[in-house]
Amino acid sequence: MTLPSQLQAHSQIEWNKLLERYSHELEQWPDELRRQLSVVLGLSDFIAESLLCDEQLVRQLPLLLSVEHRADSYRKELLERLSACVNEAELLHQLRLFRRQEMTVIAWRDFLHLWSLEESLRHLSQLAEAMIVESYQWQYKACCEEWGTPCNAQGEAQPMLIIGMGKLGGGELNFSSDIDLIFTYPENGETQGKRRNLDNAQFFTRLGQRIIKALDQATFDGFCYRVDMRLRPFGESGPLVMSYAALEDYYQEQGRDWERYAMVKARVMGCEMYPEYQELRQMLRPFVFRRYIDFSAIQSLRRMKSMISSEVRRRGLTNNIKLGAGGIREIEFIVQVFQLIRGGREPSLQGRGLLETLQAINDLTLLESEEVDTLRQAYLFLRKLENLLQAIGDKQTQTLPDDSIDQQRLAYAMSFDCWADLKSATFEKMTQVHLVFNDLIGEEEVPEDAVASHYIELWDMATQVDVLTSILEQDVQVQNAEQLAGVIVQFKQDLAKKTLGPRGREVLVRLMPKVFDAIFSHKDAQFGLSRVLHLLNNIVTRTTYLELLEEHPGALKQLVRLCTASPMISEKLGRYPILLDELIDPQQLYNPIGLTDYRSELRDFLARIPEDDMEQQMEALRQFKQICLLRIAAADIAGVLPVMKVSDHLTYLAEAIVDAVVSQAWLQLTEKYGEPTHLKERNGKGFAVIGYGKVGGWELGYNSDLDVVFMHDCPKNVYTDGKKEIDGCQFYLRLAQRIVHIFSTRTPSGILYDIDTRLRPSGISGLLACAADSFEEYQLSEAWTWEHQALVRARLIYGDEPLTQAFKATREKILTQVREPNKLKQEVSEMREKMREHLSEKKSGRFMLKQDKGGITDIEFLVQYIVLQHSHDNAPLTVWSDNVRILENCAEQGLMSAQDAQNLIDAYTCLRDEIHHRNLLNLDADVDESRFIEHRQCIQQQWQQWFRV
């Protein structure tokens with residue numbers, strides 16, 4: 001059969017090039033060999049280029065082709081070459097020359113039908129194995145000379161085993177295949193023989209890196225093989241080399257279905273390593289081949305096939321004889337189904353090679369003989385076609401060519417009269433295979449309520465940024481597709497580092513498409529994606545929470561909605577996953593507890609925990625706070641609560657928690673010391689908590705701390721009545737310390753609140769709990785003006801009736817004092833400037849909502865000044881401690897116009913609303929200086945009007 005005219009012309013061009021360079025050498029060739037050369041030059045650019053650049057190959061090729069079973073001498077010949085290499089550069093050079101030489105021989109025989117497909121695959125596999133093993137031997141020796149010999153605890157030298165996976169492991173490597181490897185070593189230990197020891201893991205990691213470089217690095221001579229290490233435990237994020245024990249732990253705890261399939265073909269490289277490998281193989285056998293008949297393998301293979309089909313569609317891989325319907329991959333899947341389902345019971349199904357396993361399937365009558373024969377013939381046909389396709393230019397491809405010359409080459413090499421006939425025969429084979437595949441495995445079932453297929457593909461393809469970018473652009477139609485694709489890929493890479501069991505991974509496969517559907521249905525998906533995935537990354541090892549989201553679509557929808565609106569909420573949910581339970585009932589989620597019900601709800605919440613279990617009581621307090629914060633924030637985001645109501649809820653929540661904390665601390669102290677004896681004739685604890693600042697003014701925000709002062713009314717010379725008697729004032733001091741401890745201790749759910757007690761008399765140098773009469777005396781005789789300002793926003797948030805009245809009377813007495821106007825103006829304005837100087841961050845082009853001129857603090861100082869200056873003859877100004885109601889009273893008392901008061905109230909609530917909003921977004925309390933101009937001017941105008949001296 002002669003070459004078509006177009007190929008003859010191509011062959012003549014290449015022949016002339018060779019003749020010009022190597023005429024003398026070619027004259028030495030036998031006539032038959034020169035005739036064969038004229039054929040292969042028309043069929044393979046790789047053969048032509050290899051001969052043209054390698055004079056030694058031209059001389060030796062007749063001899064090389066005369067040896068029928070060259071694979072038997074690969075390692076011997078390669079060892080001789082590498083033994084003469086004195087450095088790594090020479091090693092790389094010789095490896096590449098040897099590969100080119102032997103691949104030319106293999107391609108020659110393939111194109112001229114000089115051997116069977118099985119012989120071709122065997123030579124390709126053994127050539128790769130020889131190059132891997134001899135590279136290892138050379139590099140191992142070099143590494144030992146540099147760092148010492150790796151040994152175990154008994155001082156025995158440790159080898160590194162190289163496990164070939166996929167077609168390399170099965171002895172079925174194709175012409176231009178990647179090689180999939182896993183590196184491992186028997187035992188941990190250290191190197192010996194050099195001054196500085198390395199641990200074995202470090203030694204073998206460096207060795208592995210050198211082997212990869214020897215095979216994979218592109219040099220002037222090309223490269224040997226693309227080395228793929230992604231099949232190792234944890235993939236690209238895992239260590240390059242692991243010990244036997246670490247491998248065993250990984251596959252027992254985290255081994256995935258696809259890793260079972262991959263491990264079926266695993267084979268150690270180098271026959272001398274077989275004894276070393278037996279121990280590891282015995283460890284891994286139960287993972288790969290289950291003792292029972294494992295029908296779950298069918299669904300897993302369906303899913304893998306669905307992923308591959310999606311990739312074929314997405315990448316436009318038409319005419320792909322490996323991945324297309326009925327292609328080589330489907331034949332491999334059919335065989336693997338029987339291996340994984342029945343391999344544990346049938347040793348004959350545990351072989352690595354596909355053809356031998358297909359024969360075992362036939363012998364066990366697991367398929368009809370006609371079906372087995374169909375698969376065998378299709379496999380031989382498609383693998384031969386694949387080899388020839390790749391041998392044309394030594395390129396890794398399984399897609400039938402569009403180029404007419406390559407089409408003619410394949411038709412001729414496959415013994416077909418024309419390309420149309422070859423293509424027809426190819427698709428006929430693939431159609432027959434696909435019928436068997438569908439009959440045996442079928443397609444993955446798609447539920448009626450399933451999410452769109454492109455969301456499934458987003459998860460299946462989440463290792464390939466380019467594919468994800470295409471899906472996001474074409475199907476999801478979002479902006480910043482490449483950036484969002486990177487977020488998804490990074491998330492999946494991070495998951496590879498987590499310890500996930502099979503159950504967790506199965507839930508993720510079902511959950512993630514639903515997550516993407518929910519995220520990309522939201523208009524602000526670009527914000528929600530990273531937040532939701534960050535949250536999932538935090539909780540992914542807790543399978544029950546993943547199941548909660550997968551089983552409750554409403555909960556997932558609320559999760560996405562809240563996380564998209566607020567990073568603060570997403571962080572809280574990620575830090576405290578117990579809050580996810582709150583998402584199940586949206587009706588409850590968006591309806592916070594009634595303002596007056598926080599105390600009773602908290603009592604009920606704590607009632608399920610024994611009073612004496614203080615650790616659990618403390619944790620429950622924090623859980624209750626987080627649940628309530630989530631509900632308040634959800635209602636805030638939904639627009640159910642205006643800013644004033646948000647602060648009211650946060651404040652009533654804090655008061656309820658203060659009440660519970662005081663009760664817990666009291667219980668702990670009284671068990672040890674008893675109660676102070678002055679309480680015998682009255683109800684209550686003789687103790688009060690004064691709230692200052694935001695909690696005093698009913699203006700708490702999401703991140704506010706609590707400014708408090710502890711007060712008691714215990715007379716001197718009073719003692720407790722317990723087994724261990726202490727002074728009453730000392731008792732209240734310890735009570736205050738215990739309260740601060742309960743608030744500040746970090747439990748799994750964080751701290752309760754940051755507590756600030758510096759506003760107590762004499763500040764940090766004063767007693768933590770002061771007597772009521774001492775508090776009044778201090779305020780009358782020692783307190784600074786700024787402390788009186790603070791008292792404007794102070795109120796009793798916990799305490800019995802006598803202390804309530806005592807504090808109210810003291811506060812009113814202090815606030816209604818007559819003050820010298822100009823001196824008060826000066827002191828308040830100086831304190832304001834000092835605070836602005838210390839607390840304003842002075843960001844260029846930004847307005848600090850609290851501290852800058854025209855900000856919230858200006859209103860607060862203005863209100864405090866008015867109260868301190870005018871309460872002596874306007875007593876209603878002392879009734880309230882919040883700015884809004886004080887401003888309303890100012891208007892009622894005629895101290896300012898109703899319009900001015902309302903303008904200040906509007907400005908105050910607007911700026912506070914912005915701070916609330918920015919808290920939800922985890923943003924600082926500053927905005928562009930172009931915002932809130934009118935409100936700021938109003939505030940500054942009022943400030944100038946009141947503080948003009």
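Everything numeric in this text was worked out from a predicted model, so none of it was measured.
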Query - Non-hydrogen side-chain atoms of Val532 and Val515 separated by less than 4.5 Å - result: yes

Query raised in the report: Should Arg599 and Leu602 count as side-chain neighbours, where that means a heavy-atom distance under 4.5 Å?
Result: no

Query raised in the report: Taking all atoms of both residues into account, what is the closest heavy-atom pair of Met229 and Ile182, and its distance?
Result: CE-CA, 4.3 Å

Requested in this report: To the nearest 0.5 angstrom, please state how far the CD atom of Gln490 sits from the CG atom of Asn537.
Outcome: 9.0 Å

Query - Tyr250 side, atom OH; Leu284 side, atom CG - distance, nearest 0.5 Å - result: 12.0 Å

Query raised in the report: Phe932 and Val927: side chain to side chain contact (heavy atoms under 4.5 Å, CB included), yes or no, with the steps?
Result: CA-CA 9 Å; Phe932 305 115; Val927 296; 4.0 Å; yes

Query raised in the report: Has Arg608 got more than 12 heavy atoms of other residues, nucleotides or ligands less than 6.0 Å from its CZ?
Result: yes

Requested in this report: Check whether any side-chain heavy atom of Tyr455 lies under 4.5 Å from a side-chain heavy atom of Val476, and answer yes or no.
Outcome: yes

Query raised in the report: How long is the gap from CD on Glu699 to CG on Asp648, to the nearest 0.5 Å?
Result: 9.5 Å

Query - side chain to side chain contact (heavy atoms under 4.5 Å, CB included) between Ile637 and Ile569, intermediate numbers included - result: CA-CA 10 Å; Ile637 289 168; Ile569 293 181; 3.4 Å; yes

Query raised in the report: In this structure, are over 12 heavy atoms from other groups packed under 6.0 Å from Lys625 atom NZ?
Result: yes

Query raised in the report: Side chains of Glu619 and Ser749: donor-acceptor distance under 3.5 Å anywhere?
Result: yes

Query raised in the report: Does CD in Glu482 sit with more than 12 non-hydrogen atoms of other residues, nucleotides or ligands closer than 6.0 Å?
Result: no

**Report entry** Distance flag, aromatic centroids of Phe287 and Tyr251, threshold under 6.0 Å
**Finding:** yes

Query - More than 12 heavy atoms from other groups under 6.0 Å of NE2 on His522 - result: yes

Query raised in the report: Would you say the side-chain atoms of Gln617 and Asp613 include a donor-acceptor pair closer than 3.5 Å?
Result: no

Query raised in the report: Between the main-chain N or O of Ser530 and the side-chain N or O of His534, is there a donor-acceptor pair closer than 3.5 Å?
Result: no

Report task. First locate atom CG of Leu495, then atom NZ of Lys492, and finally report the distance between them rounded to the nearest 0.5 Å. Result -> 8.5 Å

Query raised in the report: Between Glu550 and Arg510, is the closest basic N to carboxylate O distance under 4.0 Å?
Result: yes

Query - Student check: side-chain heavy atoms of Leu700 and Leu706 closer than 4.5 Å - result: yes

Report summary line: Between the CD1 atom in Ile627 and the CD1 atom in Ile632, the distance rounded to the nearest 0.5 Å is 12.0 Å

Query raised in the report: On the ring face of Phe234, is Arg232 found with NZ or CZ under 6.0 Å from the centre and within 45° of the axis?
Result: no

Query raised in the report: Side chains of His649 and Tyr598: is there a donor and an acceptor less than 3.5 Å apart?
Result: yes

Query raised in the report: Is there side-chain contact between Val467 and Glu457, with heavy atoms separated by less than 4.5 Å?
Result: no

**Report entry** Shortest non-hydrogen separation from Leu240 to Gly208 and the atoms involved
**Finding:** CD2-C, 4.0 Å

**Report entry** Pair Glu571 + Arg531: basic N to acidic O under 4.0 Å
**Finding:** no

**Report entry** Whether over 12 other heavy atoms sit under 6.0 Å from Arg505 CZ
**Finding:** yes

Requested in this report: Would you confirm whether Ser566, through its side chain, and Leu562, through its main-chain N or O, come within 3.5 Å as a donor-acceptor pair?
Outcome: no

Requested in this report: Determine whether the side chains of Tyr908 and Asn883 contain a donor N or O and an acceptor N or O closer than 3.5 Å.
Outcome: yes

Query raised in the report: Less than 4.5 Å apart, any side-chain heavy atom of Phe624 and any of Leu606?
Result: no

Requested in this report: Please report the C-alpha distance between Leu529 and Phe520 in whole Å, then the side-chain angles of each, then the deciding distance to 0.1 Å, and finally whether the side chain to side chain contact (heavy atoms under 4.5 Å, CB included) criterion is met.
Outcome: CA-CA 8 Å; Leu529 180 67; Phe520 290 110; 4.2 Å; yes

**Report entry** Donor-acceptor under 3.5 Å (Arg918 side chain, Asp924 main chain)
**Finding:** yes

Report task. Measure from the side-chain N and O atoms of Thr469 to the backbone N and O of Ala485, and report whether any donor-acceptor pair falls under 3.5 Å. Result -> no

Query raised in the report: Taking the side chain as C-beta and beyond, is there a heavy-atom pair between Asp928 and Arg846 under 4.5 Å?
Result: yes

Query raised in the report: Between Tyr702 and Asp636, is any side-chain donor less than 3.5 angstrom from a side-chain acceptor?
Result: yes

Query - Test item: Thr184 side-chain N/O and Met242 main-chain N/O as donor-acceptor pair under 3.5 Å - result: yes

Query - Evaluation steps, side chain to side chain contact (heavy atoms under 4.5 Å, CB included), between Phe491 and Leu536 - result: CA-CA 9 Å; Phe491 171 67; Leu536 291 176; 4.0 Å; yes

**Report entry** Side-chain donor/acceptor of Ser600 to backbone N/O of Asp597, under 3.5 Å
**Finding:** yes

Query raised in the report: Can you name the closest pair of heavy atoms from Leu621 and Ala660 and give their distance?
Result: CD2-CB, 3.7 Å

Query raised in the report: When rounded to the nearest 0.5 angstrom, what is the spacing between CG in Leu911 and CD1 in Ile856?
Result: 5.0 Å

Query - Minimum heavy-atom distance between Ala620 and Ile609, given as atom pair plus value - result: CB-CD1, 3.2 Å

Query raised in the report: Do you know which two heavy atoms are closest between Val540 and Leu546, and how far apart they sit?
Result: O-CD1, 3.5 Å

Report summary line: Heavy atoms of Pro592 and Arg631 approach each other most closely as CG-O, 4.0 Å

Query raised in the report: Would you say Arg931 and Asp926 make side-chain contact, with heavy atoms under 4.5 Å?
Result: no

